2 protein chains.
Amino acid sequence: MVPKTRMTKQRMIILEELRKLHTHPTADELYTRVRARMPRISLGTVYRNLDFLAGTGEILKLEVGGSIRRFDGDVTPHAHVRCTRCGAVGDVPDGLLSADCSQVKAPGFTVCSVHVEYEGICDQCAAKDN
Amino acid sequence: MVPKTRMTKQRMIILEELRKLHTHPTADELYTRVRARMPRISLGTVYRNLDFLAGTGEILKLEVGGSIRRFDGDVTPHAHVRCTRCGAVGDVPDGLLSADCSQVKAPGFTVCSVHVEYEGICDQCAAKDN
DNA sequence: ATGCCTGCAAAGCCTTTGCATCTGC
DNA sequence: GCAGATGCAAAGGCTTTGCAGGCAT
């Protein structure tokens, strides 16, 4: 049986605040925002609701970079494949890249999606440079 | 003055083991490997040397996905830009995507590189499905 | 001999989880 | 009223850091 869900005040406020922001906040940033309206809310509740809302598709979890988790002794240019099930990481030889992921050949992997993230400098940081 | 660096036995073994592997190990996986040859090495030393080696360009740090750090209330398809300096995340409106990052227009950001990661299922996990 | 590097252990972050209590439905 | 949700606090991972001693140069 599918468990019923409730629209609690906490869940509603979390969703509202996230939709109001366009800064792609971390859980903690959102926690700070939400606390302004609901001081006794706990960080655990924020995490639980973000997971819940991502599960229903109402919000997105972003897997952004900046979190170094793995290392590679091969410094030649090549892209990577990651197994969405076990997290294993493989190589995609340069030259086999394609925007159409059904064309991508990665030995040992069946590729099914691409994740593109651009990197750069935001205007605020650029301003600090002088 | 630039500090001198030493090629310690630890650093050498870490580099050797990483180059020997093609599995893009985590720091901890590498630690296990290295300990087979040098039982008293500490995990801290592994982390310090991986940072050092990445700094000299001898190895690569991979920023792979799987680590959810941010959330987005906008579920329409769009890519993201991340500021390499402060970590701020912005949107790249769909339709403004390009493999040539000098063409990418992201309001508030100056884009300078792209990070592409494919996702899929590795053969081992596929085999477990039956 | 010098100061960079190590092992060890503690501390730091971020996230998850257990539990008693509370509250939508 | 009942099961799902919350607040609180503790526990878990992973990574970084402080310190005293060790070792490459």
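Not measured: the values here are computed from a predicted model.
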**Student:** Quick one: does NZ or CZ of B:R35 land under 6.0 Å from the six-membered ring centre of B:Y31, within 45 degrees of the ring axis?
**Tutor:** yes
**Student:** Base contacts versus sugar-phosphate-only contacts with protein, heavy atoms under 4.0 Å: please encode nucleotides 19-24 of chain C as B, S and - from 5' to 3'.
**Tutor:** ----BB
**Student:** Just how far, in rounded Å, is P of C:dC14 from CG of A:L30?
**Tutor:** 15 Å
**Student:** OP1 or OP2 of D:dC8 less than 4.0 angstrom from a side-chain nitrogen or oxygen of A:S42, does that happen here?
**Tutor:** no
**Student:** Using atom CZ of B:R40 as one end and atom P of C:dC5 as the other, report the distance to the nearest whole Å.
**Tutor:** 21 Å
**Student:** Take the protein atom CZ of B:R11 and the nucleotide atom P of C:dC4, then report the distance between them rounded to whole Å.
**Tutor:** 12 Å
**Student:** Just how far, in rounded Å, is P of D:dG13 from CG of B:L43?
**Tutor:** 14 Å
**Student:** Round to the nearest Å and state the distance from B:D28 atom CG to D:dG13 atom C1'.
**Tutor:** 10 Å
**Student:** Nearest-Å distance, CD1 (A:I14) to C1' (D:dT6)?
**Tutor:** 10 Å
**Student:** Distance check needed: C:dC14 C1' versus A:D51 CG, whole Å only.
**Tutor:** 13 Å
**Student:** Name all residues meeting the side-chain hydrogen bond (donor to acceptor under 3.5 Å, both in side chains) criterion together with B:T8; count only those two or more places apart in sequence or in a different chain, and write none if there are none.
**Tutor:** none
**Student:** Could you pull out all residues at least two apart from B:D51 that satisfy salt bridge (charged side-chain N to carboxylate O under 4.0 Å, His left out)?
**Tutor:** B:K61
**Student:** Whole angstroms only, please: what is the OH-P distance between A:Y31 and D:dT6?
**Tutor:** 14 Å
**Student:** Can you list the residues that meet the side-chain hydrogen bond (donor to acceptor under 3.5 Å, both in side chains) rule with B:D123, with sequence neighbours excluded?
**Tutor:** none
**Student:** Which nucleotide sits closest to the side chain of B:T45: D:dT6, C:dT6, D:dC8?
**Tutor:** C:dT6
**Student:** Tell me every residue that passes side-chain hydrogen bond (donor to acceptor under 3.5 Å, both in side chains) with A:R37, counting only those two or more places apart in sequence or in another chain.
**Tutor:** A:E16, A:E17
**Student:** Go through the structure and list residues passing side-chain hydrogen bond (donor to acceptor under 3.5 Å, both in side chains) with A:R11, not counting sequence neighbours.
**Tutor:** A:N49
